[in-house]
Amino acid sequence: MQDSYNPHKLEPLVQQEWEQQRTFETVEDEKQEKFYCLSMFPYPSGHLHMGHVRNYTIGDVISRYQRMRGKNVMQPMGWDAFGLPAENAAIRNRVPPAKWTYGNIDYMRAQLKRLGFAYDWSRELATCDPEYYRWEQWFFTKLYEKGLVYRKKAMVNWDPVDQTVLANEQVIEGHGWRSGARIERKEVTQWFLKITAYAEELLKDLGQLDGWPEQVKTMQANWIGRSEGVEVIFDVDSQQALNVFTTRPDTLFGVTYIAVAPEHDLAVHASKSSAEIAVFLQECAKTRVSEAEISTLEKRGIDTGLYATHPLTQEKIPIWVANFVLIEYGSGAVMSVPAHDQRDWEFAEKFGLPIKPVVFPEQGSVCVDISQGAFLERGWLQNSGQFDGMSSDRAFDAIADELEHRNKGQRQVNYRLRDWGISRQRYWGCPIPIINCDRCGVVPVPEQDLPVCLPEDVDFENAVLPLKSLPGFYEVKCPECHGAATRETDTFDTFFESSWYFARYCCADNDASMLDDRVRYWMPVDQYVGGIEHAVLHLLYARFFNKLMRDAGLCANDEPFINLLTQGMVLKDGTKMSKSKGNTVDPQNLIDKYGADTVRLFVMFAAPPAHNLEWSDSAVEGSYRFINKLWRLTKSHAEQGVTCSDGKLFECLNGDQASLRRKIHETIQKVTDGVGRRYAFNTAIAANMELVNEVIGFDDPSPPGRAVCQEALEAVVLMLAPILPHVCHILWQRLGHEVPVNSAAWPDVDARALIKDMVEMVVQVNGKKRATIQVPTGMGSDGIEHIAQHNENVVRFIENRKIVKVIVVPGRVVNIVVN
RNA sequence: GCCCGGGUGGCGGAAUAGGUAGACGCAAGGGACUUAAAAUCCCUCGCCCGUAUCGGGCGUGCCGGUUCGACUCCGGCCCCGGGCACCA
């Protein structure tokens, strides 16, 4: 054993041993319980950042812990390799995206290896590899055959100068980030996946995800947004009708106007005969497509001059265009009831539209104050014809019945969830395997022609490279009629790749099919670890894709991830660390200075995994000091000869020895629960630090004393091995063991060691702490109460007062209530 | 704007089921060792008061409530972070 702790010498040696022994390569074994531990794969941006280090250390600690519990643990790693940053780098550095990406992968793989993560590298995959994306192209054609994909027009951000589609991120305050031009909305035909066909199941199955944080399930449920209501038909003229969905048919008589989105057919139609409306629509078109943007805009609107007919009263209802109505959501039109909806109320106030109350807080009354805002609650109807006097609940049904009877509406379940638009007008992505033929129409690329490979040797001369500018790519023969045809030049949303990679890891070497039987052994993932920012989009798409694969017979499980740990973000200066904000911290400097174990210890100790972690450069030093302390302690113990920690010596221990031994087993109990159940790694580390501090203060050269000391050090080394795998590998050997620590069994609690004679309790008077007392373990309430009431300091507060009540919580607290 | 989180010493955090607020660590200050430095070890460390190893008062973003007892539960507010469908 080296004299002093030297991670730079020790860590590469230990890593070399793991590599030579193939310690972390895993094969299916029906006799052994499996544990699939997965961390969200990184985008190869160039360097690991602190968020990666945190994410992957958490996953590695869980993997190594489960391995010590005897599970067959599979922990894979790969690369989410398609995406926008590669195109930006290509423009900046004149290097093809593929080259840049593969270079980054090589660098980051080396960084991950330097951190000592227990990955099965034989399963590594990169989503930009045709051997990977050919299967999602194949799967897309299967979904096409099943009718689960379709084309429709949708809005994109358009940069009129660069003549290119921009991502939301690329629009800075309404202008293209490169050209600076005011962006416009533009309609483009795109491919969609029918995720709404699975809305009900995606919502219902949240109920079986007991291992997911409530927070994430709530966000997904709200995102899916199931609501029950009525679709109401408002006739515009003899040819046209407007369908609007409402969850409040009881307010139908309070409708005073209808608002449509600026892209709605009626709005476009009205603009043809009114220059004023045309200008308004043009203004509305100069804003980004995102919902956040639209909902924070000042509410603006304009009268179209058109009217719709109220389905029950036959009144003429004016139709307005409003900038806050989303064309994407529902029918792009809403019925407005300003008396009972706050947003409608504000719009009506601003434009002088009538506000007609129809629901009142008390039965039979027509009193409600709507001067300061809308009345949102349910109540009793008036001003509603035959429905006057009904409660909102009764009126819901009565009005729905009446509409259905008159063929002017029907009950409907509505979802906020929209179908998933998967087309991207970008180069660095997976080509959509479709050929457009003038004669045969849309033709999916036949299986034998897959993969449709993305040309990788390209030059970004003009700052943007759509596949449209590569005739060698898009000029093809139609697979059906063999005439000249055009290949689809859009690529998939990169969420497409990340929606099924977890299944592919189970059989990454299969070049004959997308998935195989091994998926049935490994799936579902037992533990998924990743950032909270993925709570909705990625995690919902992955759940959806899993169900698509199940229905295609490719896997058996309904849900992909049993347990989910969403780690908080590593913030710098109070905001998310990200490349685009330029506030990243390079962990490489820390690894170079302190080694991998210190960095791992620090990220696990600094905060509980689910919390955000505000980065600070100090405090790493303390982690390094602790490892040194443990090193010196083990060294000086081992130099006096290692002892066998067998049970006999523990039978008659003196007070100090028994007390240290109790501390050992209390710590094992706490740490096992902390690591195995609660994800409380920071307090598990603190508990080990406490135990180490006690061992340092324990100086007993007798055989039982040394045996207890040996037991303590073994326990600490075993419990810290998942976090500090390198140094614990060496320390475990030094404590006299031949089996490597990563294959050793997690320590067990000896219940006999936990027994205590006396227990400390707090005495309160009227809820204020007045004393602490020692009472025999297992003493009854009467005895405890007696001791408490005779404590010197307690007496000062209770004498000459009447005791009203005494509460005794055994083992914790006594509260004496006096008046 | 809507949905979801969070707010505790100088700092990161602890308090698992409503029962001792501040574990563990960082920073800081004082001391020991040393020619010196590094390393290491010891002591102090929420605020205020007193008769100062002890005792008292206050204290977990703000206001109010429930309870013998609230960081924890309930109602209202403020601030910070994440997501909002083309960043990943």
Side-chain angles (χ1 to χ4, degrees), chain A residues 4 40 42-43 45 80 82-85 154 156-157 165-171 213-216 218-223 225 288-297 299 324 328 343 416-421 423-426 493-495 498 531-538 540-541 566 568-569 571 574-576 578-580 602 605-608 610-614 616 618-623 625-626 628-629 632 670 673-674 677-678 680 682-683 685-690 693 760-764 766-769 772 793 796 804-807 809 811-817:
Chain A
S4 59
M40 290 180 186
Y43 177 78
S45 56
D80 187 14
F82 277 136
L84 214 43
V156 294
N157 303 310
V165 175
L166 297 179
N168 280 330
E169 192 193 45
Q170 299 172 308
V171 182
E214 283 307 319
Q215 173 196 4
V216 175
T218 306
M219 280 192 261
Q220 293 214 351
N222 290 342
W223 185 267
R288 190 184 336 197
V289 224
S290 78
E291 187 175 330
E293 179 100 340
I294 291 163
S295 63
T296 49
L297 291 174
K299 286 177 188 44
F324 57 84
E328 246 82 39
R343 200 171 58 175
R416 203 187 75 98
L417 183 69
R418 308 198 292 257
D419 276 337
W420 176 13
S423 296
R424 296 292 179 271
Q425 298 71 41
R426 298 204 212 302
D493 175 7
T494 58
F495 276 125
S498 57
I532 184 67
E533 68 272 24
H534 296 292
V536 176
L537 290 178
H538 162 64
L540 189 64
Y541 292 144
T566 46
M569 274 175 300
L571 307 179
T575 163
K576 176 180 174 179
S578 77
K579 220 168 174 195
S580 54
F602 169 71
F605 185 54
H611 284 196
N612 285 348
L613 190 158
E614 172 66 36
S616 108
S618 57
V620 187
E621 197 73 38
S623 297
R625 274 209 284 266
F626 172 74
N628 270 288
K629 203 192 234 186
R632 285 193 305 272
K670 188 177 162 109
D673 192 44
R677 181 180 68 87
R678 294 209 305 140
N682 55 333
T683 52
I685 292 164
N688 274 295
M689 286 175 169
E690 277 186 62
N693 289 338
E760 192 182 83
M761 287 181 67
V762 161
V763 185
Q764 301 176 332
N766 285 348
K768 284 192 195 302
K769 178 183 167 185
T772 54
N793 202 46
R796 288 173 49 208
V804 179
K805 195 184 248 197
V806 180
I807 289 113
V809 184
R812 291 202 181 265
V813 75
V814 180
N815 191 8
I816 303 169
V817 185

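Basis for what follows: all heavy atoms, side chains included, without hydrogens, waters or symmetry-related copies.
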Do A:Asn815 and A:Lys805 have side-chain atoms, one donor and one acceptor, less than 3.5 Å apart?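 Note: A:Asn815 and A:Lys805 side chains miss the donor-acceptor criterion.
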In terms of side-chain heavy atoms, does A:Arg796 have a donor or acceptor partner in A:Asn793 at a distance below 3.5 Å? yes
Could you tell me how far [M] sits from [N] if I compare only their [atom1] atoms? Round to whole Å.
N	M	atom1	result
B:rG1	B:rG57	C1'	46 Å
B:rC63	B:rC68	P	23 Å
B:rA39	B:rA28	P	11 Å
B:rG61	B:rG7	P	8 Å
B:rG6	B:rA17	P	14 Å
B:rG64	B:rC71	P	15 Å
B:rG46	B:rA21	C1'	10 Å
B:rU72	B:rA15	P	15 Å

Mind checking if [X] touches a base, just sugar-phosphate, or nothing, with heavy atoms under 4.0 Å?
X	value
A:Asn815	base
A:Glu621	nothing
A:His538	nothing
A:Glu328	nothing
A:Leu417	base
A:Phe495	base
A:Val165	base
A:Gln764	base
A:Val156	base
A:Arg677	base
A:Ala535	nothing
A:Trp223	base
A:Tyr43	sugar-phosphate
A:Ala686	base

Given that A:Ile807 and A:Ser423 both sit by RNA chain B, which one's nearest nucleotide is further toward the 5' end?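 So the residue in question is A:Ile807.
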5'-most by nearest nucleotide on RNA chain B - A:Asp493 or A:Ala619: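 Going by which nucleotide is closer to the 5' end, it is A:Ala619.
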Do you know the tightest heavy-atom contact between A:Ala167 and A:Arg426?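 So the two residues come closest at CB-NH2, 3.5 Å.
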How close or far is atom [atom2] of [N] from atom [atom1] of [X], stated in whole angstroms?
X	N	atom1	atom2	answer
A:Asn688	B:rA23	CG	P	18 Å
A:Gln220	B:rC4	CD	C1'	12 Å
A:Leu571	B:rG5	CG	C1'	12 Å
A:Arg418	B:rC86	CZ	P	8 Å
A:Glu533	B:rA85	CD	P	16 Å
A:Asn793	B:rC54	CG	P	12 Å
A:Glu293	B:rC87	CD	P	13 Å
A:Phe324	B:rG1	CZ	C1'	11 Å

Quick one: is [N] close enough that its OP1 or OP2 comes under 4.0 Å of any side-chain N or O from [X]?
X	N	answer
A:Arg288	B:rA85	no
A:Asn612	B:rC80	no
A:Arg678	B:rA15	yes
A:Ser290	B:rC84	no
A:Asn222	B:rC2	no
A:Lys768	B:rA21	no

Who does B:rG55 pair with, Watson-Crick or G-U, both distances under 3.5 Å? B:rC49
Given that both distances must come in under 3.5 Å, which nucleotide forms a Watson-Crick or G-U wobble pair with B:rG1?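 Here B:rG1 is engaged in a pair, and the nucleotide opposite it is B:rC84.
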Of the options [options], whose atoms approach the side-chain atoms of [X] most closely?
X	options	result
A:Arg796	B:rG55, B:rC41, B:rU20	B:rG55
A:Pro608	B:rG19, B:rA14, B:rA85	B:rA14
A:Glu690	B:rC84, B:rA15, B:rC24	B:rC24
A:Val817	B:rC68, B:rU20, B:rG13	B:rC68
A:Glu169	B:rA85, B:rU20, B:rC87	B:rC87
A:Arg625	B:rA85, B:rA27, B:rC24	B:rA27
A:Asn168	B:rC4, B:rC86, B:rC26	B:rC86
A:Met569	B:rG25, B:rG82, B:rA27	B:rG82
A:Leu84	B:rC68, B:rC87, B:rG12	B:rC87

Is any side-chain heavy atom of A:Met689 less than 4.5 Å from a side-chain heavy atom of A:Lys629? no
Check the chi torsion on [N] and let me know: syn if it falls within 90° of 0, anti if not.
N	answer
B:rG9	syn
B:rA38	anti
B:rU20	anti

Under 3.5 Å, is there an N or O donor on one side and an acceptor on the other linking the side chain of [X] and the base of [N]?
X	N	result
A:Thr296	B:rG1	no
A:Arg812	B:rU20	no
A:Glu291	B:rC2	no

With a cut-off of 6.0 Å (strictly less than), are more than 12 heavy atoms of other residues, nucleotides or ligands near CZ of A:Arg812?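 Not more than 12 within 6.0 Å, no.
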Atom pair OG1/NE2 of A:Thr566 and A:His534 - distance to nearest 0.5 Å: 11.0 Å
In Å and rounded to the nearest 0.5 Å, what is the CD1 to NZ distance from A:Ile816 to A:Lys768? 15.0 Å
